[in-house]
Amino acid sequence: MSRDHVQSAERPADSAEAPFLELLARGASADAYEQPVLLARAEGRPPERIAALEQAKLLALRVRSEIEGRRRREAELSALFETAHDLAGLRDLDAVLQAIVQRARSLLGTDVAYLSLHDEARGDTYMRVTEGSVAARFQQLRLGMGEGLGGLVAQTARPYVTDDYFKDERFQHTRTIDSGVRDEGLVAILGVPLMIGSQVIGVLFAADRRARIFEREQIALLGSFAALAAAAIDTANWLTETRSALDRLGRANEIIRDRSGVIERASDVHDRLAELVLRGGGVHDVAAAVSEVLDGTVVFAESGDAPTAAVETSRTEGHAVRHRDDWVAAVAAGGELLGALVLRGHPGLDPVDQRTLERAAMVTSLLLLARRSAAEAEQRVRGELLDDLLDARDRDPRLLGERAARLHADLDGPHVVLAARLDAPAADADQEAAARRRLWSAASHLATTRHGLAAARDGGTVLLLPLAPGDTATNLARRTARHLGTAVHAGVTVGASAPVEQLAARPDAVAAAYAEGQRCLDALRLLGRAGDGAAAEDFGFLGLLLAGDRDISGFVERTIGRVVAYDERRGTDLLRTLDAYFACGMSPARTKDDLHVHVNTVAQRLERVGRLLGDDWQSPARALEIQLALRLHHLSSAAPH
């Protein structure tokens with residue numbers, strides 16, 4: 001073997017990157033990355049060798065940091081998923097809250113994590129769950145409203161962090177709280193609110209016994225755990241109310257035990273409703289089941305379709321009320337009106353049947369809330385995946401594909417990216433925010449039913465929808481504009497990209513397609529076509545400027561493709577005739593001189609062109625596009641292949 005071959009074989013092993021690759025492979029600590037540089041200096045290696053090692057060390061440390069960051073994010077997502085799974089199978093509220101606090105402490109790497117809740121009866125706040133605490137007085141703390149760091153979080157409904165609790169003057173210090181914190185030895189504390197709707201019900205804390213700066217990602221992570229804790233508490237409250245309602249129903253059954261027929265009917269409706277809930281029935285299934293039990297017609301009505309006064313009375317009193325010959329039971333949850341159950345043409349209703357209608361309304365509200373929670377969770381997951389496709393172009397294609405598969409979305413097939421925006425400006429900021437939420441909700445529902453993705457972005461909504469065989473981006477954009485406009489009762493303009501494929505392997509294609517869809521949307525609005533949908537192919541030669549890939553061949557094919565194909569099949573000179581016709585100022589007489597043919601021959605050829613391109617081919621706009629297409633066709637034909 002020659003000397004050159006020997007050096008070539010030895011070079012990889014002696015490269016500056018080799019020792020750091022070994023450190024990466026075995027997951028060494030950050031300190032270990034200094035050893036190759038120190039060893040080289042100790043061995044008296046050349047300065048350029050040491051400089052190469054320094055450069056390789058910095059690169060390896062960046063790679064290690066990226067790997068650690070991804071591992072940490074995966075661990076955070078796994079913990080959130082496990083916590084959500086615990087919440088889905090909620091049996092013991094304390095166990096779920098304990099798991100949330102334990103996972104928050106573990107992932108943030110803090111000494112202590114704890115959760116406090118408001119006690120409405122006593123008007124203060126108490127420790128509900130602690131993890132890592134060693135001081136009994138700290139674990140038994142009760143805080144007055146507005147006191148301490150937790151009081152500041154509850155008052156502002158925003159996260160707060162302090163790297164030195166006793167030196168921080170932003171919140172009210174009290175002797176009781178400070179003594180408990182001092183017993184526990186806490187220094188750095190992060191608190192995030194637990195919220196149900198707009199109400200703060202408590203605070204989730206993570207704390208260290210040393211000075212520490214909490215990063216933005218850690219604050220967001222603790223906020224996610226706080227949201228899960230609030231959801232667990234809210235779910236437990238609903239379960240408690242449901243159990244209480246079932247207890248009241250049981251006591252009512254005891255009172256009327258002597259009325260066997262009534263008891264059998266009540267038992268029947270209970271069994272039917274329980275079965276419906278267990279097998280995942282819907283609100284109309286509940287109405288059908290109660291219709292049979294009450295021997296009448298029960299329908300579910302949206303809040304705007306039921307008698308307003310009767311619904312409000314039922315909602316306020318918590319009972320079914322009579323409205324002419326009907327009975328109305330409001331379907332509400334947490335002060336929100338979701339609709340009503342209406343028993344038609346049944347003016348005579350005994351107390352037991354009235355109670356049955358009320359219980360059915362309660363079950364209906366639970367089913368609606370469960371369906372909404374599931375839909376919102378799926379919508380958030382779909383939005384997060386689309387955000388990652390748009391923003392994080394270095395995502396693992398395999399993980400993207402797996403996440404899409406769990407949502408029944410196939411990122412390998414052809415898709416279209418659509419940018420959607422409301423047309424009419426809102427009267428104020430609140431109305432505009434509400435309109436955007438309606439648009440996002442409608443787009444999310446459409447994406448779910450079409451196995452696509454949707455996310456709120458740039459004051460509007462972006463959708464990623466699959467393109468069916470034989471369909472076009474233009475037709476999909478127009479259908480989407482009509483669908484969303486009908487859903488939100490307002491004009492919605494939609495710009496579409498050209499079809500894109502293999503999105504998991506090419507996440508950057510999604511961002512480029514979204515930019516193209518936005519350009520089409522802006523063009524529609526500038527052209528006075530608000531409320532419509534279109535793709536770049538609809539704008540003629542302007543589409544060349546709007547499209548992200550400058551599809552010149554596609555523009556030529558759409559504009560004069562039929563003429564090109566006709567010449568190729570028949571061996572005719574329609575293209576040359578068109579060139580001459582436009583060059584001669586669209587004068588048949590001058591054209592025949594240029595081509596050295598009879599004027600009738602020119603007329604016949606132009607008539608054939610009209611049949612191929614349409615009667616309006618000589619209109620100014622069409623003529624301009626045809627001339628541009630002819631020029632591009634000649635340039636592409638003359639280009640070397």
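All values below come from the heavy atoms of this structure, side chains included, with hydrogens, waters and symmetry mates left out.
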We want to know whether Y514 and D458 form a side-chain donor-acceptor pair, criterion being a heavy-atom distance below 3.5 angstrom. yes

In Å and rounded to the nearest 0.5 Å, what is the CG to CG distance from L484 to L422? 9.0 Å

Please check this pair: side chain of S444 against backbone of W440, looking for a donor-acceptor N/O pair closer than 3.5 Å. yes

Starting at CZ of F214, measure out to CD1 of I189 and round the result to the nearest 0.5 Å. 8.5 Å

Nearest non-hydrogen partners of V112 and G132, listed with the distance: CG2-O, 3.7 Å

Is any side-chain heavy atom of F166 less than 4.5 Å from a side-chain heavy atom of R182? yes

Provide the closest heavy-atom pair for M195 versus A157 in the form atom of the first, atom of the second, distance. CE-CB, 4.0 Å

Do Q218 and R212 have side chains that get closer than 4.5 Å, going by heavy atoms? yes

Which atom names give the shortest non-hydrogen contact between I219 and V192, and what distance separates them? O-CG1, 4.2 Å

Tell me yes or no: between the side chains of Q139 and S133, is some donor less than 3.5 Å from an acceptor? yes

Enter the distance from L152:CG to R158:CZ here, rounded to the nearest 0.5 Å. 9.5 Å

Ring geometry between F205 and Y114 (parallel below 30°, tilted from 30 to 60°, perpendicular above 60°): parallel

Worked verdict on V200 versus L194 for side-chain contact (heavy atoms from CB on, under 4.5 Å): CA-CA 6 Å; V200 179; L194 277 70; 5.8 Å; no

Counting C-beta onward and ignoring hydrogens, is there a side-chain heavy-atom pair between E131 and Q98 closer than 4.5 Å? yes

So, does S106 use its side chain to make a donor-acceptor pair with the main chain of Q102 at under 3.5 Å? no

Check R421 against G459 and note the closest heavy-atom contact, atom names and distance. CG-O, 4.3 Å

Close side-chain approach of R175 to S179, heavy-atom, < 4.5 Å: yes

Could you state the interatomic distance from NE2 (H118) to CD (E120), rounded to the nearest 0.5 Å? 8.5 Å

Decide yes or no for L186 and D208: does some side-chain heavy atom of the first lie under 4.5 Å from some side-chain heavy atom of the second? no

Check for a donor-acceptor pair, side chain of R105 on one end and backbone N or O of D111 on the other, with a separation under 3.5 Å. yes

Would a 4.5 Å heavy-atom cut-off, applied to side chains only, mark L97 and I233 as touching? yes

What distance separates R359 CZ from L341 CG, expressed to the nearest 0.5 Å? 13.0 Å

For A454 versus A443, what's the shortest heavy-atom pair and its separation? CB-O, 3.8 Å

Set out, in order, the CA-CA distance, both residues' side-chain angles and the distance that settles side-chain contact (heavy atoms from CB on, under 4.5 Å) for T125 and L141, then state yes or no. CA-CA 8 Å; T125 302; L141 271 180; over 6 Å; no

V181/I177 under side-chain contact (heavy atoms from CB on, under 4.5 Å): CA gap, chis, key distance, verdict: CA-CA 6 Å; V181 173; I177 301 174; 4.2 Å; yes

Rounded to the nearest 0.5 Å, what's the gap from OH on Y126 to CG on L115? Could you check? 9.0 Å

Considering only NZ, NE, NH1 and NH2 on the basic side and carboxylate oxygens on the acidic side, decide whether R142 and D119 come within less than 4.0 Å. yes

Start with the C-alpha distance between V342 and V298, add both sets of side-chain angles, then the distance that settles side-chain contact (heavy atoms from CB on, under 4.5 Å), and finish with yes or no. CA-CA 5 Å; V342 181; V298 177; over 6 Å; no

Check: T461 side chain, R457 main-chain N or O, donor-acceptor pair, under 3.5 Å: no

Using a 6.0 Å cut-off, check whether atom CZ of R170 has over 12 heavy atoms from anything other than its own residue. yes

Got a salt bridge between R209 and E184, using NZ or NE/NH1/NH2 to carboxylate O under 4.0 Å? yes

Is the shortest side-chain heavy-atom distance between T313 and V328 below 4.5 Å? no

Backbone N/O of A309 and side chain of E312: donor-acceptor pair under 3.5 Å: no

Can you check whether Y165 and H173 have ring centres sitting under 6.0 Å from each other? yes

Between S314 (side chain only) and H319 (backbone N and O only), is there a donor and an acceptor less than 3.5 Å apart? yes

Which atom pair, heavy atoms only, marks the closest approach of D124 to L143? CB-O, 3.1 Å

